[in-house]
Amino acid sequence: MLRKLIPLVEEGNNHICITRPRRFGKSVMAAMIGSFFSKGMDSSSIFGNLNIAKHSSNHSEDFFDEKKKIDYRAYMNQYNVIYISFIEAASESTNYEEFITSVKSILQEDLHEAFHDVKFRKTGTVTQDLRMIYAQTQQKFILVFDEWDCIFHKEYITNSDRKSYVNWLAAMTKDTGYVALTYMTGVLPITKYSSGSTINNFHEYTMATDDLYSEYFGFTDAEVDDLYLRYKARTPNCNITRQDLKEWYDGYHTPSSERMYNPRSVVEALTRNRIRSYWTRTGSYSEISTYIMNDRADIKKDVALMVSGEAVKADVEEYAATAMDLGTRNEILSAMVVYGFLNYEDGKVHIPNRELMDEFARTIREKKTWAIFTIWQLRQTVCCRPR
């Protein structure tokens, strides 16, 4: 991942947004990137033992060619990094004004403390402060924004708040000389919430449409093989087979059809030596299940087919609106893909694995009428299948 990001940092003024379902390692990756580039720490003892150190060279011009080595030490701990986990501010706020005020005030306090020799305006904004730092020191920043869209899942957020928030992100990142790289993650791609040219400087990479960073989120078959060998070597009484991991946590695919496993569940299972569902019910799942139970857009028929093991055709838009705004069948199915409850491949959606199948089965059991409907639907499916 760092080998792909270092050229972007060197070039400057690059902005990427990577969206993945929850529990696919976005926050771990964001923390790794911040730790590597930040001046605020010495990361040599960490990264000196990792793969990036195996690609070392004294010739920095080689970084443009991925087949050549790079001198990672020329970039490690050499940049000002602004790292913001928006989920922390959102969890402590009761309205949008509290949320954004908290983010801005803490950031300004940190900037003024770190650059105490810079002459700031008394009533300057965060963006103005960053411009003043760059003008007086020529130092650039790497911005790492984790869970950028988490505020959109709060009940109190309004359309006006969303617009204001996106405008603030645009002001922070667009047409600014002080940004070397913006690395932003979330569940929802930013395009959906950016009208016209508000934010057109981001390159977005989604799970369903882009392969460039796919291998770094989720576990591949080879990575699970390696983890399973480590598990067998250190666990006296292994209760898990390699096939168990495949059945329970596989089922996702990259656009190039490479298989991907839910990373958190694989780690939990191997650590605890127990196969089970480690999927934690989120607000997003609760909201979507409400649409299912209320049979919005006849979605029950599709869910019943998927519970029976079928895939259903869908026109998935990965920039689907948040769960509160869903109105059509495709929007509901799209949201389920975005949040990781379904996998999308070859124009169809399906339940990826047994872990998620358990979640849908639990939803079915919660309502007797839903269970009756499902049994009827499954019978219809079997009876109507061509022999």
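These figures come from a predicted structure and were not determined experimentally. Heavy atoms only: backbone and side chains are in, while hydrogens, waters and symmetry mates are out. Each residue takes its place number in the sequence, starting with 1.
Residues Y183 and F145 keep their aromatic ring centres 6.0 Å or farther apart. Between F217 and F24, the distance from one ring center to the other does not fall under 6.0 angstrom. Ring pair F120/F115: centre-to-centre distance not below 6.0 Å.
Here the side chains of E147 and I84 are not in contact, with every heavy-atom distance at 4.5 Å or above. Looking at Y83 and I142, their side chains never come closer than 4.5 Å, going by heavy atoms from C-beta outward. Residues S277 and E359 meet the side-chain proximity criterion, which asks for heavy atoms closer than 4.5 Å. A heavy-atom distance below 4.5 Å is found between the side chains of K4 and L212. Between E258 and T220, some side-chain heavy-atom pair lies under the 4.5 Å cut-off. For the pair V349/N343, no side-chain contact is recorded, criterion being any heavy-atom separation below 4.5 Å from C-beta on. Contact check for L143 versus V179: side-chain heavy atoms found under the 4.5 Å cut-off. Put simply, the side chain of L270 reaches to within 4.5 Å of the side chain of L245, judged on heavy atoms.
The backbone N or O of A89 sits nowhere less than 3.5 Å from a side-chain atom of E92 that would complete a donor-acceptor pair. In this structure a side-chain-to-backbone donor-acceptor pair under 3.5 Å is present from N49 to S45. The closest donor-acceptor contact from the side chain of D149 to the backbone of L188 lies under 3.5 Å. Under a 3.5 Å cut-off, the side chain of S308 and the backbone N or O of L305 do form a donor-acceptor pair. Using a distance-only test at 3.5 Å, with no hydrogens or angles considered, no donor-acceptor pair links the side chain of T271 to the main chain of E268. Remark: side-chain polar atoms of N353 are not paired, donor with acceptor, to backbone N or O of G251 under 3.5 angstrom. Not one N or O on the side chain of D226 forms a donor-acceptor pair closer than 3.5 Å with the backbone of E223. A donor-acceptor contact shorter than 3.5 Å is absent between the side chain of T235 and the backbone of C238. No donor-acceptor distance shorter than 3.5 angstrom exists from the side chain of S38 to the backbone of S35, with no hydrogens or angles considered. With hydrogens and angles disregarded, a donor-acceptor distance shorter than 3.5 Å links the side chain of Y252 to the backbone of G340.
We find that D225 and R242 are joined by a salt bridge, their nearest charged nitrogen and carboxylate oxygen being less than 4.0 Å apart. A salt bridge is defined here as a Lys NZ or Arg NE, NH1 or NH2 lying under 4.0 Å from an Asp or Glu carboxylate O, and K26 with D146 fails to meet this definition. Using a cut-off of 4.0 Å between Lys/Arg side-chain N and Asp/Glu carboxylate O, K348 and D346 are scored as not salt-bridged.
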Practice problem: May I have the step-by-step check of side chain to side chain contact (heavy atoms under 4.5 Å, CB included) for L2 and F37, ending in yes or no? | Solution: CA-CA 10 Å; L2 291 171; F37 287 110; 4.0 Å; yes
Practice problem: Please assess F141 against Y134 for the test ring pair (Phe, Tyr, Trp, His ring centres under 6.0 Å), listing each intermediate value before the final yes or no. | Solution: CA-CA 9 Å; F141 291 81; Y134 181 61; 8.8 Å; no
Quiz prompt | Derivation and outcome, side chain to side chain contact (heavy atoms under 4.5 Å, CB included), residues F202 and I16 | solution = CA-CA 5 Å; F202 274 85; I16 64 175; 5.6 Å; no
Quiz item: Does the side chain to side chain donor-acceptor pair (under 3.5 Å) test come out yes or no for H15 and N13, once each step is laid out?
Solution: CA-CA 7 Å; H15 313 271; N13 196 31; 3.0 Å; yes
Quiz item: Would D161 and T158 satisfy side chain to side chain donor-acceptor pair (under 3.5 Å), going step by step from the backbone distance to the final call?
Solution: CA-CA 5 Å; D161 294 336; T158 66; 3.0 Å; yes
Self-check item: R274/D244 under salt bridge (charged side-chain N to carboxylate O under 4.0 Å, His left out): CA gap, chis, key distance, verdict
Solution: CA-CA 10 Å; R274 181 185 178 189; D244 288 334; over 6 Å; no
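Aromatic ring orientation, Y278 versus Y249: tilted (interplanar angle from 30° to 60°). The aromatic rings of Y165 and W148 sit parallel to each other, their planes meeting at less than 30°, with 60° as the upper class boundary.
Minimum heavy-atom separation, K154 to A90: CE-O, 3.5 Å. Nearest heavy atom pair, residue S44 against residue N77, reads N-OD1, 4.3 Å. Shown here for Q108 and D129, the closest heavy-atom pair between the two residues is NE2-OD2, 2.8 Å. The shortest heavy-atom contact between G48 and A53 is O-CB, 3.4 Å. Closest heavy-atom contact between I52 and R3: CD1-CG, 3.8 Å. Between Q128 and G124 the shortest heavy-atom distance is OE1-CA, 3.1 Å.
For Q138, the CD atom sits in a packed shell: over 12 heavy atoms of surrounding residues, nucleotides or ligands are nearer than 6.0 Å. Counting heavy-atom neighbours within 6.0 Å of K232 NZ, excluding the residue itself, gives a total of 12 or less. For R234, the CZ atom sits in a packed shell: over 12 heavy atoms of surrounding residues, nucleotides or ligands are nearer than 6.0 Å.
Cluster membership for I46 and Y75, using ILVMFWY side-chain heavy atoms within less than 4.5 angstrom, is shared. By the criterion of side-chain heavy atoms lying less than 4.5 angstrom apart, applied directly or through intervening Ile, Leu, Val, Met, Phe, Trp or Tyr residues, V28 is not grouped with Y213; the two fall into different hydrophobic clusters. When hydrophobic clusters are built by joining Ile, Leu, Val, Met, Phe, Trp and Tyr residues whose side-chain heavy atoms come closer than 4.5 Å, directly or via intermediates, Y261 is grouped together with V267. Hydrophobic clustering (ILVMFWY, side-chain heavy atoms < 4.5 Å, transitive): V338 and I87 are in distinct clusters. When the side chains of ILVMFWY residues are joined at heavy-atom separations under 4.5 Å, either directly or via intervening members, I6 and Y205 end up in a single hydrophobic cluster.
In this structure, R131 is not positioned above the aromatic face of Y178 in the sense of NZ or CZ being under 6.0 Å from the six-membered ring centre and within 45° of the axis.
Rounding to the nearest 0.5 angstrom, the gap separating the CD atom in E310 from the CG atom in D302 is 11.5 Å.
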